Number of protein chains: 2
Amino acid sequence: MKKKDVKILLVDDEPDILEIVGYNLSLEGYQISTASNGLEAVTKAKKEKPHLVILDVMMPEMDGIEACEQIRKVPDLSDTIITFLTARGEDYSQMAGFDAGADDYITKPIKPKVLVSKVKALLRRLKDSNEEVADDIVKVGDIVINRVEYKIIQNGTEIILPRKEFELLSLLASRPGKVFKREEILDKVWGNEVIVGGRTIDVHIRKLREKIGDDHFKTIKGVGYKFVL
Amino acid sequence: MKKKDVKILLVDDEPDILEIVGYNLSLEGYQISTASNGLEAVTKAKKEKPHLVILDVMMPEMDGIEACEQIRKVPDLSDTIITFLTARGEDYSQMAGFDAGADDYITKPIKPKVLVSKVKALLRRLKDSNEEVADDIVKVGDIVINRVEYKIIQNGTEIILPRKEFELLSLLASRPGKVFKREEILDKVWGNEVIVGGRTIDVHIRKLREKIGDDHFKTIKGVGYKFVL
DNA sequence: ATGCATTTTAACGATTTGGTAACAGTATTT
DNA sequence: AAATACTGTTACCAAATCGTTAAAATGCAT
């Protein structure tokens, strides 16, 4: 997801806070909208479906805790990350925040740099959870992919794959039939910082074709590869 | 199939699990029913024909494995997806689950978000659960254009098209009957920086006429082309 | 460090694709 | 009917893309 497509809803009853936090986050390229109390927050959240909600705990009309609970009840917002703004030194242990479904706390006074890096960290979590769930066992066609033990079983035969091959297969098989663009594969298997040569994917595909079976991997020229059953 | 028409049968002997998992899934809009042991599960499955069964492995009366085998024997339920709930760290290598016909495992402890995205992923396998990919699969006349899998299906026959041809067809078929000007086609399929000769579009249209059928592509002299059903 | 497995690169060949040119065909205008 | 303008068709070439291989680089464990 592009940074500028990330929507953040900022909720606080102090206009100063809204402005300074909003300013710093918009500098980073996020889409910011604001609300000044819990009710407004819930309404806007439903309408705008933000990816992240930053909620002051103490507010008139409806406090942050309750707003958080309300937001958590909305199915469309199940992936939304909620973080509280709270005064430093409050007793976290008896805070109802996490019970209400919060993901994190940010303490006042707010340091812009800290805030921004915290937000980045939280949104990274969003990205991770959006990508397919990593940790378990899936059967797809004649293949069982065991992500826990890093092995695959095909017709009862166990096959141990090296990490990159395993992850590549794992990705392709996570959506049989879907074509994964080369770019997408690089993003998800290699990570978008690493730069590898143009033939790297092909070589790994070739090894998979050898080990798993030629017919399972189909090339779509100019686009990418797909796994077929 | 609409999300709210998807039936999920949840089987566990611990009421707490039933409640928390059931709650989270019903928030997503699925129809939930529950059973607290294997016998009940098989009975309910036969009656309700759920699309997905989430089955605890260890239960009184009849364990998950046997319940799974029973369910798999029912012809009506051949398309039902079955997934086990299992404690993390168990010895997967000697698990009888996949032999019994399971499609997946979900490990306890259960994180609601993980569970929900897992369930979504599994239900995506149901051919007709067009939840979110609806926009990427378009039916026009006797042709189905599948942008996810980069293929088109005509009268049940799969046809793989090269990229430019696919995109051209995709564009024209996106508005059957509408005439696309040559200029417009160049913009959308080739991109307005690239300059190609005057006969390029014609050649591609010709290839489509060969592969898809002559009558589908109508020439409007002096203007452009349109796709007709 | 040494050896082994994995990953990446580089080079080359093979294949597919996209694009052009040339000409034939067809409609449109004069 | 002739001239004009546009499209259809074909064969061919160039560029893009992919497959394969071997060797170099990297990582990893002994």
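Note that the coordinates shown come from a computational prediction; the quantities given were computed from them, not determined experimentally. Chain letters run A, B, ... following the sequence lines, proteins first and then strands; every chain starts at 1.
For B/Pro162, the listed nucleotide lying nearest its side chain is C/dT17; candidates were C/dT17, D/dG8, D/dC18. Between C/dG19, C/dT7, D/dT7, one nucleotide has an atom nearer to the side chain of B/Val196 than all others, and that is C/dG19. Nearest nucleotide to the side chain of A/Lys221, out of C/dG18, C/dT7, D/dC18: D/dC18. In this structure, of D/dT20, C/dT7, C/dG18, it is D/dT20 that holds the atom nearest to the side chain of A/Asp202. Closest to the side chain of A/Thr219, out of D/dG19, C/dG18, D/dA5, is D/dG19.
Within the 3.5 Å criterion, the main-chain N or O of B/Gly22 finds a donor-acceptor partner in the side chain of B/Ser26. Checked by atom type and distance alone, the side chain of B/Lys178 never pairs as donor or acceptor with a backbone atom of B/Leu172 at under 3.5 Å.
Side-chain N/O atoms of A/Arg182 and A/Thr200 include no donor and acceptor closer than 3.5 Å.
Counting non-hydrogen atoms under 4.0 angstrom, A/Arg199 reaches a base of the nucleic acid. Residue B/Tyr225 is in sugar-phosphate contact alone, with no base atom involved, counting any heavy-atom pair closer than 4.0 Å across all strands shown. Residue B/Thr200 is classed as a base contact, given a heavy-atom separation below 4.0 Å to a base.
We find that B/Lys181 and B/Glu183 are not joined by a salt bridge, their nearest charged nitrogen and carboxylate oxygen being 4.0 Å or further apart.
Regarding B/Leu168, its CG atom lies at a distance of 14 Å from the C1' atom of C/dT17, rounded to whole Å. The interatomic distance linking A/Glu183 (CD) with D/dT17 (P) rounds to 13 Å, in whole Å. At whole-Å resolution of the value, CD1 in A/Ile201 and C1' in C/dT9 are 14 Å apart. Look at CD1 on A/Ile195: it is 13 Å from P on C/dA10, rounded to the nearest Å. Across the protein-nucleic acid pair, A/Ile205 atom CD1 and D/dG19 atom P stand 8 Å apart, rounded to whole Å. Rounding to whole angstrom units, CG of residue A/Asp214 and C1' of D/dC18 are separated by 14 Å. Atom CG of A/Leu186 and atom P of C/dT8 are 10 Å apart (whole Å). Distance CZ (B/Arg182) to C1' (D/dC6): 8 Å, rounded to an integer number of Å.
Side-chain N/O atoms of A/His204 include one lying less than 4.0 angstrom from OP1 or OP2 on C/dT8. Between B/Arg206 and D/dT7 there is no side-chain N or O to OP1 or OP2 distance below 4.0 Å. For C/dA5, the OP1/OP2 oxygens have no side-chain nitrogen or oxygen of A/Arg163 closer than 4.0 Å. Distances shorter than 4.0 Å separate none of the side-chain N or O atoms of A/Trp190 from OP1 or OP2 on C/dT7.
Side-chain contact between A/Lys226 and B/Lys151: present, with at least one pair of heavy atoms (C-beta onward) separated by less than 4.5 Å. The side-chain heavy atoms of A/Ile81 and A/Val53, taken from C-beta on, include no pair separated by under 4.5 Å.
Taking 3.5 Å as the limit, the base of C/dT6 and the side chain of A/Lys164 contain no donor-acceptor pair of atoms between them.
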